[in-house]
Amino acid sequence: MAKHNCTDCKIRSVAENFLSNDEFGSLESNSAEVSFKKGEIIIKQNALSLNVVYLRSGLVKIHMAGPAKEKILRLVKAPSYLGIPTTLGNKINNYSVTALQDTSVCFIDANFFKMLIAGNGQFASEIILELCKNELFDQQRTVNQEQKQLPGRIADTFLCMSERLFDNDEFEVPLSRNELADLIGTTRESLSRVLGQFCKENIISLDGKIMKIIDRPKLQQICDLG
DNA sequence: GCATTAACCACAG
DNA sequence: CTGTGGTTAATGC
C-alpha cells in the first residue's frame, strides 16, 4: 500500500473539499491508492465489499451479469465515486466495475466513509447530490431503452458518449461491438446493421472503433424520434 | 395478408 | 472478434 497524502491530493472530489483537517488525516489512514490496467476488475459482482472506491483518473464500465446475459449499466469517467450504492446497501456487490482504460483509484474503508457521512453534513450533501444525478440518469436511460426503437437508442448512446464522456465529435469507442450491444440493450448483429445504415446515410463515419459524428442534427433527430 | 422491426442462427474473413 | 445473409416471431396497418 503506497503511502499517500490526501490533504495535498490535486484531484480530490467536490465532497472532500468540505472535510476538516482532522478528517483528511483520518482519510489518509483509511484509504489506499491503487492503479488498474485496462481490462482489470476493480469491483467484482458477488464478492464481499468493504470499500467505497473513488475513481481519480480513467474510464470504467459498471456492469452486471443478468439472468440471461451481461448488461452494461453505465460508463463512468473520472472523477467519480464508485460502488457507494452496493457497498452501503448490500454486503455483497450487486454489480462489477471494470477498467476500460488504465485507471487510478482510491479504496476507502466503508465504515470510515459512513462515519464521514454521519459526521459532516456538507460532505454528505455532495455525496447525495452525486447519487441523485446518477439515479436520474439511470431512470432516463431505462425509459429510453424501454420505449425507443433501436436506431434511437443507438443515436442516444453515441450522442451521450460524445457530449458527456469525450466532449468531441470524434472519439474512440471504448467498447467492443458486443459490449456496445450490451450497453444499448440489443444484439451484436442488430447493432452492426444499424451502424451500417448510419454510415451509408453519412450520419457517422466509422474506422474500427474510431467514430466520428458527421451529421449531428440528423443523429439528434433519430434520437428524439426514438 | 403485408410490411416493419429486431432477435436468433450459421458462416466467413 | 465482426459483418452479413437467411430465417422467424411479434406487432401494426
Side-chain angles (χ1 to χ4, degrees), chain A residues 35-47 55 57-78 82 93-103 105 136-226:
Chain A
S35 292
F36 287 94
K37 294 247 186 303
K38 179 177 177 177
E40 290 184 328
I41 299 172
I42 300 167
I43 294 176
K44 187 164 170 51
Q45 184 175 354
N46 295 326
L55 180 63
S57 67
L59 181 70
V60 302
K61 62 171 178 176
I62 299 178
H63 54 114
M64 179 185 280
K69 58 174 192 163
E70 190 76 7
K71 170 73 183 162
I72 296 182
L73 301 171
R74 190 147 38 89
L75 303 186
V76 180
K77 73 167 181 175
L82 297 168
N93 289 322
N94 281 31
Y95 49 79
S96 297
V97 177
T98 301
L100 295 175
Q101 304 169 347
D102 292 353
T103 63
V105 308
L136 292 176
F137 180 79
D138 285 343
Q139 288 172 345
Q140 187 64 55
R141 236 217 22 264
T142 302
V143 173
N144 285 347
Q145 224 158 76
E146 177 69 32
Q147 299 181 9
K148 279 186 183 179
Q149 295 190 167
L150 188 52
R153 303 209 296 276
I154 293 175
D156 199 3
T157 302
F158 285 137
L159 286 170
C160 188
M161 279 187 188
S162 164
E163 289 162 15
R164 299 177 52 115
L165 249 36
F166 301 106
D167 195 27
N168 200 322
D169 280 348
E170 188 173 350
F171 54 89
E172 181 177 353
V173 180
L175 302 169
S176 71
R177 292 289 192 268
N178 228 325
E179 291 176 308
L180 201 49
D182 289 340
L183 172 65
I184 292 165
T186 180
T187 59
R188 183 177 66 73
E189 298 97 314
S190 299
L191 172 68
S192 164
R193 285 189 175 114
V194 175
L195 288 180
Q197 279 294 313
F198 283 2
C199 286
K200 205 162 64 182
E201 294 169 34
N202 274 315
I203 300 166
I204 61 169
S205 75
L206 266 174
D207 179 14
K209 291 187 177 177
I210 305 294
M211 125 87 70
K212 186 172 186 182
I213 298 177
I214 296 168
D215 191 344
R216 180 174 285 273
K218 190 73 195 295
L219 197 61
Q220 185 67 55
Q221 188 190 22
I222 293 169
C223 172
D224 293 340
L225 294 177

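Each chain gets a letter, A, B and so on, in the order its sequence line appears, and its residues count up from 1.
Atom-to-atom, CG of Leu206(A) to P of dT2(C) comes out at 12 Å; the value is rounded to the nearest Å. Rounded to whole Å, the distance from CD1 on Ile184(A) to C1' on dA6(B) is 14 Å. Between Arg153(A) atom CZ and dA6(B) atom P the separation is 7 Å, expressed in whole Å. Between the NZ atom of Lys69(A) and the C1' atom of dA6(B) there is a distance of 12 Å, rounded to whole Å. Look at CD on Gln197(A): it is 15 Å from C1' on dG5(C), rounded to the nearest Å. Residue Glu70(A) contributes atom CD, which lies 13 Å from atom P of dC1(C) at whole-angstrom precision. Computed from coordinates, the Arg188(A) CZ to dA12(B) C1' distance equals 12 Å when rounded to whole Å. As rounded to whole Å, 14 Å separates atom P of dT11(C) from atom CD of Gln149(A).
At a threshold of 4.0 angstrom between heavy atoms, the contacts of Thr187(A) are confined to the sugar-phosphate backbone, with no base atom among them. Residue Ser192(A) is in base contact, counting any heavy-atom pair closer than 4.0 Å across all strands shown. In this structure, Glu189(A) reaches the bases: a heavy-atom distance under 4.0 Å links it to at least one base atom across the strands shown.
Nearest heavy atom pair, residue Leu191(A) against residue Ala181(A), reads CD2-N, 4.0 Å.
The base of dG3(C) lies outside donor-acceptor range of the side chain of Arg177(A), with no N or O pair under 3.5 Å.
Here the side chain of Lys212(A) pairs no donor or acceptor atom with the backbone of Ile204(A) at under 3.5 angstrom.
Between Phe158(A) and Phe171(A), the angle of the ring planes lies from 30° to 60°, which puts this pair in the tilted group.
Comparing dT2(C), dA6(B), dA10(B) against the side chain of Ser176(A) picks out dT2(C) as the nearest.
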- Message: For Leu175(A) and Ile72(A): C-alpha separation, side-chain torsions, deciding distance, then whether side-chain contact (heavy atoms from CB on, under 4.5 Å) applies.
- Response: CA-CA 10 Å; Leu175(A) 302 169; Ile72(A) 296 182; 4.2 Å; yes
